[in-house]
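Atoms within a ligand are numbered from 1 in the order they appear, just like the ligands themselves.
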Amino acid sequence: MLQRCLDLLAPALERPGAVVVDCTLGLGGHSEALLARFPEARLVALDRDKEALRLSGERLAPYGERATLVHAVYDELPEVLDRLRIARVQGVLFDLGVSSMQLDEADRGFAYAQDAPLDMRMDQTTGISAAEVLNTYPAGELVRILRAYGEEKQAKRIVAAIVREREKEPFSNSARLVELIRDALPQAAKRTGGNPAKRTFQALRIEVNGELSVLERAIPAAVKALDVGGRIAVLSYHSLEDRLVKQVFAAGAASTAPPGLPVVPEQYQPRLKLLTRGAELPTEEEVAENRRAAPARLRGAQRIREDVE
Ligand SMILES: C[S@@+](CC[C@H](N)C(=O)[O-])C[C@H]1O[C@@H](n2cnc3c(N)ncnc32)[C@H](O)[C@@H]1O
């Protein structure tokens, strides 16, 4: 889907002095593709994970001053652009979720397939770990998180088992949680939806990193940073993220005029034009090449009007 992101952003970036922000640098694959495809553009790339910045810094070193890498959470985009004295940008890309590096490095605790300390913080310099969430949150709060962020139908059952177990001994590693979930679920629930621990792990990761609240602030901030004509592309990997992106784009693309006006004045006109019909999905070939791309959803929009303050 990288190619489609690049095509979607292209009309805004094929000009001298264009600035594109990669809000989710990761290992720098998308950033490198942006620099290669748009030779006249400057890249600003953010990641909250210092290890990602270190690795992609080496990868992007050949691009010299065209690439500026910043350790930041993506809802800090307005402050980052202020510091760099960049007033407006022509493109923004989000490739949400965790990177393959984070999943593959067992000791980060994101993967349910390997035993590791239950950390799950993307920025290991701040915040609380997944183990602390499991060991300290009240049962009702854990049920809410599993339902809201994991869409886990068996939340009550799983949380009852967690609370029972943590009283005997606090959680520290992933294998014990995976085993507990497998034992807690009824047979029928185990047969559907892949690994039974998948939804709980997703929910914990979202809670630990405050992912949805950060995204809720970041997408409108990114739209606001766009120049008129500028474009934004967002790749999301679960329905909660995609729903949020869809809502922000739909609100921007709608007129805010009160009903009954014969002519819609400028301040009520839409600020965004949608560039994708619904969400675009990966092709069969893309999924065959990379199984982690299977749940991807791409949405794009173009800024077509200034805000009227
Ligand atoms: C799916 S990966 C991006 C992979 C990247 N496109 C590449 O080509 O390697 C998502 C990255 O976004 C980072 N990330 C997730 N949430 C973030 C946030 N709120 N602020 C900044 N970075 C974030 C993660 O640390 C991770 O490195």
Practice item. Please step through side-chain contact (heavy atoms from CB on, under 4.5 Å) for the pair Lys153 and Arg199, ending with a clear verdict. Key: CA-CA 9 Å; Lys153 292 195 181 75; Arg199 291 170 184 277; 5.9 Å; no

Review point. side-chain contact (heavy atoms from CB on, under 4.5 Å) between Leu34 and Leu9: does it pass, once the steps are laid out?
Key: CA-CA 9 Å; Leu34 287 163; Leu9 296 172; 4.0 Å; yes

Check your understanding: Roughly how far apart are Leu96 CG and Arg297 CZ, rounded to 0.5 Å?
Key ->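 Taking CG in Leu96 and CZ in Arg297, the distance rounds to 13.0 Å.
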
Practice item. Flag this pair as yes if the NZ/CZ of Arg176 is under 6.0 angstrom from the six-membered ring centre of Phe171 and inside a 45 degree cone about the axis; otherwise no. Key: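 Yes; both conditions hold, so Arg176 lies above the ring face of Phe171.
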
Practice item. Dump the intermediate steps for salt bridge (Lys or Arg N to Asp or Glu O under 4.0 Å) on Glu179 and Arg182, then the final yes or no. Key: CA-CA 5 Å; Glu179 200 182 312; Arg182 203 180 303 121; 5.9 Å; no

Revision key, fill the gap. Sorted by chain and residue number, the residues with a non-hydrogen atom under 4.0 Å of ligand 1 are Cys23, Thr24, Leu25, Gly26, Leu27, Gly28, Gly29, His30, Asp47, Arg48, Asp49, Ala72, Val73, Tyr74, Asp95, Leu96, Gly97, Val98, Ser99, Gln102, Met122, Val214

Practice item. Test Asp49 against every option in Arg108, Arg54, His71 by the side-chain hydrogen bond (donor to acceptor under 3.5 Å, both in side chains) rule and name the one that passes. Key: Arg108

